[in-house]
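Below: the structure, in structure tokens.
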Amino acid sequence: MNLFAYFHDKIAAEIAALGFALDTSRMSVEPPRDPAHGDVSANAAMVLAKGAGMKPRDFAEKLRPRLAKLDHVTAAEVAGPGFINLRLDNEFWYARLAEILRVGPAYGDSTAGQGRTVNVEYVSANPTGPMHVGHGRGAVVGDALAALLHKTGHAVTREYYVNDAGAQVDALARSVYLRYRQALGETVGEIPEGLYLGEYLIDTGATLAQRDGKKWLGKPESEWLAPVREFAIEEMLTLIRGDLERLGIEFDVFASERKLVKAGAIEHAIAELEKQGLIYVGTLEPPKGMLPDDWEARPQTLFRSTAFGDDVDRPIKKVDGSWTYFAADIAYHWDKYKRGFADLIDVWGADHGGYVKRMQAVVKALTQGKAALDVKLCQLVNLSDGGQPVRMSKRAGNFVMLRDVIERVGKDVVRFVMLTRRNDQTLDFDFAKVVEQSKDNPVFYVQYAHARARSVMRLAAQHFGADELTPTALAHGPLNLLADADEIALVRHLAQWPRTVEGAAQMHEPHRIAFYLQEIAASFHALWNKGNADAGLRFVVEGKRDLTRARLALVQAVAFVIASGLKVIGVTPAEELR
RNA sequence: GCGCCCAUAGCUCAGAGGAUUAGAGCAGCCGCCUUCUAAGCGGCAGGUCGUUGGUUCGAGUCCAACUGGGCGCGCCA
């Protein structure tokens, strides 16, 4: 259970019992910043005193005795401008420990989402080549966020938008055709401007040659473009699917832009906007200060996104009359809404930052404000190897492929490291550092804590029967023998897991999970080391079976919470490290 | 020029509008292995939370302006 939500309800009930009909939704119940102030801190008095016609401290004093009588509360104190701080007895923490053992890695699961439908769209890399490291960051952030929302009781759909229409896939088809001719013995020379240079396309061209033989040689583009394009997209998606599989990511939906276009979804969406008077033909002001060389004023078909907070209205048609990418994205987001999603989340690269406002504007317009779109922008990943920057150039086609990174450091390392920074901070990824086995490496540090916990349990198995070490047996053990202040402190910390999960889910910030796990690992390593200094504080104490069982309960709970967190991140907990 | 993101210890970064004392890690200094993994732990030292205003009982957190950095800026996706 989220103990802070629990006490929020308790406190709200006591306020009601005092005869006040006040809105307690603004009241926060949190851990105090300074643990010396207690276990639970409520700002009720400051938020509610005005409504009750009282001074905050007077209100707090009136409420205090009632809270002091709540179960497991040993003290209620009024502090500062009117905080009410509660201290809880050890029994409460033993109950939390037993709870963790009872539910195992499902600890932290919550119904906060109330089954709300959420669509998390991430990766959505163009089907023009394998995934690179930047895609990897978005992939991990999106996937962990989806897992987090699932854990908090949302109905989550993981979705990948395939940009299989438009100029890029035409360029892909031409690039593959070139490699196809090459595979059949032609000399193609320099790859022309605008085509893809990636060496992976050599294989694709060869595969096409193998499948179709000389069928397309010497034919006009109008004949081969469509079939080659279809073939190439499928090949690229196979590559991408392979990359995702290596990362352990599985999508529920691959949404095809081409299918949407074919079904006339763009026309429908634009017609809807037109009905609302949000489409017009006009001429935009040139961007100030940075004028494109070939700029000339011309009338365009525009979406009035300024009506919803955007800076300028946005074109939905190109000069040749075809739809812009934005127009397709309008249709796509409306489609998501019509499929029943009230909450939309897009995970994009930071270079798409300029599109956030217009997309949110569209979602507002098409759903009459009933759907919310949150866009998580992921900053760059700076690759280095032992401190030496790894330079990438898309132009030269030598960008570092995600699969190579996974092959070198492993899926678990990639996933964890991608969450060691907020999504909107640039991330340094050093090949040498992330596989280092030291406390400087957060992945290792957390894995080591889990492995240590498992190691203790294995050792304990030599002294106890298997039936004595099951989580249930441990939960029913003499937990009250846990008396060391650091042991209780660790239980407290573990008991914050549900709140951490709910907070991270609500704020759409999966990195918080990685940070929390590092804290738990640190607490556990510290406790472990107290056993080095004082043998009486070791987890397994010769001749003290009851005390040992109580401590094993704590050790098992640590393992469960770390496993619970790693599951959100998509990392396999290590049983041992070699 | 405009928009978005960012600015917290020497470095890399956390920080849900709250309390006399803003936290980690690294680097620095001093310590801890006869041991369940020392692949670890403890301690010391280190801060005008970019600047200036504003809102509030209260601001690292919210608002505005400014300074500095990243990303982007009509018919690419």
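Remember, predicted model here, so these are calculated numbers, not experimental data. By convention in this document, chain letters (A, B, ...) are assigned in the order of the sequence lines, proteins followed by strands, and residues within each chain are numbered from 1.
- More than 12 heavy atoms of other residues, nucleotides or ligands sit less than 6.0 Å from atom NZ of A:K318.
- Relative to the side chain of A:E576, the nucleotides B:U37, B:A19, B:A77 differ in distance, and B:U37 lies closest.
- Proximity note for A:N529 (side chain, C-beta onward) versus B:G74, B:C13, B:C41: the nearest is B:C41.
- The separation between A:N423 atom CG and B:C6 atom P is 9 Å, rounded to whole Å.
- Aromatic ring pairs are classed by plane angle as parallel below 30°, tilted from 30° to 60° and perpendicular above 60°; the pair A:Y355 and A:H352 is tilted.
- Aromatic ring centres of A:H450 and A:F524: separated by at least 6.0 Å.
- Rounded to whole angstrom, the span from the CZ atom of A:R549 across to the C1' atom of B:C36 amounts to 19 Å.
- Within the 4.0 Å cut-off from OP1 or OP2 of B:A38, at least one side-chain nitrogen or oxygen of A:W528 is found.
- Taking atom C1' in both B:U55 and B:G17, the straight-line distance is 12 Å, to the nearest Å.
- Contact annotation: A:Q425 reaches the phosphate of B:A14 (side-chain N/O to OP1 or OP2, under 4.0 Å).
- Straight-line distance between the C1' atoms of B:A9 and B:A77: roughly 42 Å, to the nearest whole Å.
- Using a 4.0 Å heavy-atom criterion, one finds that A:G503 contacts the bases of the nucleic acid, with or without backbone contacts as well.
- With B:G74, B:C76, B:U35 as the candidates, the nucleotide lying closest to the side chain of A:P315 is B:G74.
- Nearer to the 5' terminus of RNA chain B, by closest-nucleotide assignment, is the contact made by A:S41 (compared with the other of A:E257 and A:S41).
- For A:T324, whose side chain is taken as the heavy atoms from C-beta onward, the closest listed nucleotide among B:A38, B:A16, B:C75 is B:C75.
- For B:C33, the glycosidic angle deviates from 0 by 90° or less, giving a syn base.
- The distance from atom CZ of A:F524 to atom C1' of B:C36 is 9 Å, rounded to the nearest whole Å.
- For A:R454, no side-chain nitrogen or oxygen approaches OP1 or OP2 of B:U37 to under 4.0 Å.
- Look at B:C4: its Watson-Crick or wobble partner, with both distances under 3.5 angstrom, is B:G70.
- Looking at heavy atoms from C-beta onward, A:P81 lies in side-chain contact with A:F83 at the 4.5 angstrom threshold.
- Listed nucleotides: B:C71, B:C41, B:C36. Nearest to the side chain of A:Y445: B:C41.
- Where A:A350 and A:R421 meet RNA chain B, the nucleotide closest to each residue was compared, and A:R421 sits on the side nearer the 5' end.
- Using a 4.0 Å cut-off, no side-chain N or O of A:K530 falls inside it from OP1 or OP2 of B:A38.
- A:E30 comes within 4.0 angstrom of sugar-phosphate atoms only, judged by non-hydrogen atoms across all strands, and of no base.
- Among the heavy atoms of the strands, none lies under 4.0 Å from A:F326.
- The minimum heavy-atom distance linking A:L552 with A:A460 is given by the pair CD1-CB, 3.5 Å.
- Stacking of the aromatic ring of A:H352 onto the base of B:G72 is not found under the criterion of centres within 5.5 Å and planes under 30°.
- By the 5.5 angstrom centroid cut-off and the 30-degree plane limit, A:F515 is classified as not stacked against the base of B:A14.
- Within the 4.0 angstrom heavy-atom criterion, no nucleotide atom of any strand lies near A:V356.
- Taking only side-chain nitrogens and oxygens, A:K433 never comes nearer than 4.0 Å to OP1 or OP2 of B:C26.
- Between B:G70 and B:G23, the two P atoms lie 32 Å apart (nearest whole Å).
- Heavy atoms of A:N126 sit under 4.0 angstrom from primed sugar atoms or phosphate atoms, though from no base atom.
- Checking B:C75, B:A38, B:C13 against the side-chain heavy atoms of A:R298 singles out B:C75 as nearest.
- Atom C1' of B:G47 sits at a distance of 14 Å from the matching atom of B:C11, rounded to the whole Å.
- If you measure from atom CG of A:D310 to atom C1' of B:G72, you get 13 Å, rounded to the nearest angstrom.
- Using cut-offs of 30° and 60° for the angle between ring planes, the A:Y448 and A:F444 rings count as parallel.
- Distance CZ (A:R358) to C1' (B:C2): 13 Å, rounded to an integer number of Å.
- Counting heavy atoms of neighbouring residues, nucleotides and ligands inside a 6.0 Å radius, atom NZ of A:K530 exceeds 12 of them.
- Side-chain contact of A:Q496 with A:Y516: a donor-acceptor pair under 3.5 Å is absent, judged by distance alone.
- Atom-to-atom, CD1 of A:I233 to C1' of B:A77 comes out at 13 Å; the value is rounded to the nearest Å.
- At the phosphate of B:G15, OP1 or OP2 sits under 4.0 Å from a side-chain N or O atom of A:H511.
- When both distances must be under 3.5 Å, the Watson-Crick or G-U wobble mate of B:C44 is B:G28.
- B:A59 and B:U48 are spaced 15 Å apart, taking the C1' atom of each and rounding to whole Å.
- Here the side chains of A:H8 and A:F4 are not in contact, with every heavy-atom distance at 4.5 Å or above.
- The minimum heavy-atom distance linking A:R137 with A:Q379 is given by the pair NH1-O, 3.0 Å.
- Pairing for B:C33 is absent, with no Watson-Crick or G-U wobble pair whose two atom distances lie under 3.5 Å.
- Not a single donor-acceptor pair, N or O on each side, falls under 3.5 Å between the base of B:C36 and the side chain of A:R458.
- Side chain A:R422 to base B:A14: no donor-acceptor pair is found below 3.5 Å.
- Remark: C1' of B:C76 and CG of A:D329 are 13 Å apart, rounded to the nearest angstrom.
- When the P atom is used for both B:A65 and B:A19, the distance is 28 Å, rounded to whole Å.
- Here the separation of B:G68 from B:U8, taken at their P atoms, is 16 Å to the nearest Å.
- Among B:U35, B:C76, B:A16, the nucleotide with an atom closest to any side-chain atom of A:Q168 is B:C76.
- Across every strand in view, B:C62 sits in a pair with B:G54 that passes the Watson-Crick or G-U test at under 3.5 angstrom.
- Taking atom P on both B:C44 and B:C63, the two are 37 Å apart, rounded to the nearest angstrom.
- Of the candidate nucleotides B:G15, B:G18, B:U37, B:U37 has the atom nearest to the side chain of A:L577.
- Straight-line distance from the OH atom of A:Y325 to the C1' atom of B:A77: 6 Å, rounded to whole Å.
- Looking at heavy-atom distances under 4.0 Å, A:R452 makes contact with sugar-phosphate atoms alone, never a base.
- Which of B:C36, B:C6, B:G3 sits closest to the side chain of A:K357 comes down to B:G3.
- Side chain of A:P81, nearest nucleotide from B:A38, B:G3, B:G18: B:G18.
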